[in-house]
Participant: 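Before anything else, here's the structure in question.
We count ligands from 1, going down the list as the structure has it; atoms in each ligand are counted the same way. The figures that follow rest on heavy atoms only: side chains count, while hydrogens, waters and symmetry mates do not.
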Amino acid sequence: MSNPRFASDNAAGVHPAVLEALDAANRGPALAYGHDAVTERAASSVRRAFGGKADVLFVWGGTAANVLGLRTVVDSHHVIYCGEQSHLWSDECAAPENYLGCKLQPVPTTHAKLTPDLVRAAIQSGPGVHHAQPRALSIAQATEAGTVYSIAELGELAQLCRERGLLFHVDGARLANAAAALQTDLREVTADVGVDLVSFGGTKNGLMGAEAVVYLTPGIVGAAEFHRKQGMQLASKMRFVAAQFEALFTNDLWRENAVRANAAARRLEAGAAKVPQVEIVHPVDANAVFARIPRQTLKRLGERFIFHVWSDHPQRPTVRWMTAFDTTDAEVDEFLAALGEATG
Ligand SMILES: Cc1ncc(COP(=O)(O)O)c(C=O)c1O
């Protein structure tokens with residue numbers, strides 16, 4: 001059986017502290033649908049981490065966190081600008097189009113990062129009724145290429161959003177990895193730079209299946225609670241989703257996990273870069289390593305490890321190797337040894 005360790009950060013298990021929190025939440029009855037003390041405490045923890053004032057809704061899935069988050073701020077005549085490689089555009093099975101019913105405009109990027117110039121060039125709608133109207137910018141932080149926007153880059157995008165009247169959404173499925181990489185906190189990469197709403201991921205950072213939609217700008221939460229129910233993401237036993245977040249914010253577990261995942265990726269990158277004919281294609285800022293490798297290496301390595309071929313090419317396909325909070329140095333070293341052997 002091939003080893004799935006580097007296939008995805010979702011291949012990782014659940015952090016033991018999260019399982020303990022689930023066990024603790026499992027003592028006796030509690031009101032359903034989020035009307036319980038655990039959910040209240042968890043929402044407060046998330047709110048505090050993002051600056052104190054946010055509205056917070058828990059859901060299970062990352063696609064849902066993106067789509068439901070955006071649901072409150074777009075109408076069917078709106079445009080959302082996003083990166084061409086974004087999860088929103090390319091990995092959500094048209095859930096945004098189906099559920100939001102508005103236009104998504106993918107923008108070509110380098111290393112999956114949008115810039116104000118790229119977005120400006122993409123905004124072509126006129127003001128009249130014949131054109132869908134610019135409404136939101138969605139970026140992923142960290143990006144799908146494993147790169148991280150700096151605080152300055154985020155500030156520039158926020159400035160553009162203000163100029164053009166766009167709401168600024170962050171797909172933060174890996175926001176913890178980004179904040180850890182920037183050695184800052186969650187608030188500084190979101191609320192403090194002018195982000196309006198965040199889909200904050202827990203699942204890739206040690207939770208079992210828990211994400212939070214964080215509405216930072218007062219008033220934009222709108223009818224989100226109703227949309228969550230309509231979107232089939234209102235957990236009846238909500239306390240077990242919330243308890244996971246409580247664990248994530250106890251002793252900054254979110255940061256500890258993200259630091260470990262990022263460090264494993266750096267170790268992997270450093271080792272892989274020494275293997276002849278292996279070319280790292282994106283800066284390794286967070287917990288993903290993208291590499292162009294010979295086809296023969298792909299074939300041989302693929303017999304031992306499962307990972308994604310990101311873009312196929314007859315001679316030199318590009319592959320993605322992900323690390324997680326529980327990736328050990330020994331696992332990275334074993335993988336690097338296999339990579340060296342496979343490359344000959
Ligand atoms: C950037 C990004 N956003 C969101 C998601 C969440 O997706 P899912 O609906 O599979 O939880 C993922 C998962 O791979 C992702 O990489």
Participant: Counting heavy atoms only, which part of Glu211 comes closer than 4.0 Å to ligand 1: side chain, backbone, both or neither?
Facilitator: neither

Participant: Considering only the protein, which heavy-atom contact is closest to atom 15 (C) of ligand 1, and what is its distance?
Facilitator: His87 CD2, 3.2 Å

Participant: Looking only at protein heavy atoms, identify the closest one to atom 14 (O) of ligand 1 and say how far it is in Å.
Facilitator: Lys204 NZ, 2.7 Å

Participant: Is it the case that ligand 1 has an N or O less than 3.5 angstrom from some N or O of Arg174?
Facilitator: yes

Participant: Taking side-chain contact (heavy atoms from CB on, under 4.5 Å) as the definition, give me every residue that meets it alongside Ala324, ordered by chain and number, with sequence neighbours left out.
Facilitator: Arg5, Asp9, Ala12, Asp326, Thr327

Participant: So is Gly62 polar-close to ligand 1, meaning N/O to N/O under 3.5 Å?
Facilitator: yes

Participant: Could you tell me whether some N/O pair between Asp171 and ligand 1 is separated by less than 3.5 angstrom?
Facilitator: yes

Participant: Just say parallel, tilted or perpendicular for the rings of Phe200 and Phe245, cut-offs at 30° and 60°.
Facilitator: tilted

Participant: Around Glu225, counting heavy atoms of other residues, nucleotides and ligands shown, do more than 12 lie under 6.0 Å from its CD?
Facilitator: no

Participant: How about Thr39 and Phe58: do any of their side-chain heavy atoms sit closer than 4.5 Å?
Facilitator: yes

Participant: Centre-to-centre under 6.0 Å for Phe305 and Trp321, is that the case here?
Facilitator: no

Participant: Taking 4.0 angstrom as the limit and counting only heavy atoms of Thr63, give me the atoms of ligand 1 inside it, by number and element.
Facilitator: 6 (C), 7 (O), 8 (P), 9 (O)

Participant: Verify whether one side chain among Glu211 and Thr203 offers a donor that lies under 3.5 Å from an acceptor in the other.
Facilitator: yes

